[in-house]
Amino acid sequence: NWATELVYARMTEAFGTDAIFKAGNALRAGQEFPPILRREAASCPVMLACIGPGWLTATAPDGSRRLDSPADWVREEIAISLQAGNHVVPLLIGNRHEVAVPEPDLVPEPIRAMVHRQALWLAPGGGLDATISMLVNRLTELVPELAERRRVRSTAQPASAAQAERRDASPAPVAPGTTMT
């Protein structure tokens, strides 16, 4: 969960909230979600599939493996995105000894093609910011519209950042290398 929230926050910073869809953040209470999830999965140029250590073994209430169920929304969204020809990027959440690209024979056929896509590891620690920056850069290479959104946002940032800095200025001393939020 920490990783999906971090990725969502960084993607919205880079590209804007209207360019990023995350069901938990976008759907309103009481909203009928199946058509929205299907539409977004089919139309998104890039899907970031977050795979944690328990992704392959997560079970349904009846004890069966969730990914084996055609009704599993993770499986369905990935399958729809692959079928639509979108870029599907496996994000492996955790250290390399905790999570790896799943073996193809362990993944249901409708989403098996995902395991042949270059994955990116997101591990907590010092290299996380560099990995997220690399992901943002890669997405701008894959989708020209995202590159343009990022360019527009970055040219608009200095003025708003300077305004925010003036507004939030604190008379308290700040040690070098410390960021005030």
Side-chain angles (χ1 to χ4, degrees), residues 1-55 58 66-67 72-94 99 101-102 110-111 113-125 127-164 168 179 181:
N1 201 11
W2 67 267
T4 59
E5 289 304 319
L6 176 65
V7 168
Y8 178 77
R10 296 292 175 81
M11 295 303 113
T12 57
E13 286 171 14
F15 307 121
T17 55
D18 60 331
I20 309 301
F21 177 83
K22 182 175 182 271
N25 296 62
L27 297 171
R28 295 184 310 273
Q31 194 170 21
E32 186 178 351
F33 65 87
I36 296 168
L37 294 182
R38 288 183 185 108
R39 180 188 70 231
E40 293 297 326
S43 67
C44 68
V46 176
M47 175 179 281
L48 303 176
C50 295
I51 299 172
W55 190 79
R66 290 181 66 168
L67 279 178
D72 180 63
W73 279 105
V74 170
R75 173 184 162 153
E76 185 168 348
E77 287 176 283
I78 293 169
I80 290 169
S81 193
L82 286 166
Q83 187 175 30
N86 300 330
H87 300 283
V88 176
V89 179
L91 292 181
L92 305 174
I93 310 301
V99 63
V101 175
I111 62 173
M114 180 187 68
V115 302
H116 301 292
R117 309 289 170 99
Q118 182 62 40
L120 185 65
W121 269 270
L122 291 180
L128 187 58
D129 285 336
T131 303
I132 296 281
S133 292
M134 182 175 55
L135 175 61
V136 168
N137 290 336
R138 180 66 181 130
L139 296 180
T140 61
E141 294 168 3
L142 289 173
V143 182
E145 178 187 330
L146 291 178
E148 179 60 19
R149 285 177 156 277
R150 185 177 184 207
R151 187 192 64 73
V152 168
R153 290 181 63 75
S154 68
T155 58
Q157 292 285 33
S160 62
Q163 289 170 349
D168 295 337
T179 311
T181 58

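As the structure is a prediction and not an experimental result, all values here were calculated from the model. Atom set for the values below is all heavy atoms of this structure, side chains included, hydrogens, waters and symmetry mates excluded.
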Closer than 3.5 angstrom, by distance alone: can the side chain of [X] be matched with the main-chain N or O of [Y] as a donor-acceptor pair?
X	Y	answer
Arg10	Ser133	no
Trp2	Pro124	no
Arg75	Leu67	yes

Identify the two heavy atoms, one from [X] and one from [Y], that lie closest to each other, and give their separation to 0.1 Å.
X	Y	value
Leu82	Ile111	CD1-CA, 3.8 Å
Pro90	Met114	CG-O, 3.6 Å
Trp55	Pro102	CZ3-CG, 4.0 Å
Ala49	Ile78	CB-CD1, 4.0 Å
Arg153	Phe15	CD-C, 3.3 Å

Pairwise side-chain contact, [X] with [Y], heavy-atom cut-off 4.5 Å (strictly under):
X	Y	result
Leu91	Thr4	no
Arg150	Val136	yes
Leu122	Val7	yes

**Report entry** Atom pair CD1 (Ile80) and CH2 (Trp73), whose distance is rounded to the nearest 0.5 Å
**Finding:** 6.5 Å

Report task. To the nearest 0.5 Å, tell me how far Leu139 CG sits from Met134 CE. Result -> 11.0 Å

Query raised in the report: Taking it one step at a time, do Thr131 and Leu120 satisfy side chain to side chain contact (heavy atoms under 4.5 Å, CB included)?
Result: CA-CA 8 Å; Thr131 303; Leu120 185 65; 3.9 Å; yes

Query raised in the report: Which pairs with one or both residues in residues 77-92 pass side-chain hydrogen bond (donor to acceptor under 3.5 Å, both in side chains), sequence neighbours excluded?
Result: Ser81-Asn86

Side-chain polar contacts of residues 16-28 - donor-acceptor pairs under 3.5 angstrom, sequence neighbours left out - could you list them?
from: Asp18; atom 1: OD1; to: Arg149; atom 2: NH1; distance (Å): 3.1
from: Asp18; atom 1: OD2; to: Arg149; atom 2: NH2; distance (Å): 3.1
from: Lys22; atom 1: NZ; to: Glu5; atom 2: OE2; distance (Å): 2.6
from: Lys22; atom 1: NZ; to: Asn25; atom 2: OD1; distance (Å): 3.2

Show the atom names and distances, to 0.1 Å, of all donor-acceptor pairs under 3.5 Å that link a side chain in residues 36-46 to residues at least two apart or in another chain.
from: Arg38; atom 1: NE; to: Glu76; atom 2: OE2; distance (Å): 2.7
from: Arg38; atom 1: NH2; to: Glu76; atom 2: OE2; distance (Å): 3.4
from: Ser43; atom 1: OG; to: Arg39; atom 2: O; distance (Å): 2.9

Query raised in the report: Would the number of heavy atoms belonging to other residues, nucleotides or ligands and lying under 6.0 Å from CD of Gln118 be above 12?
Result: no

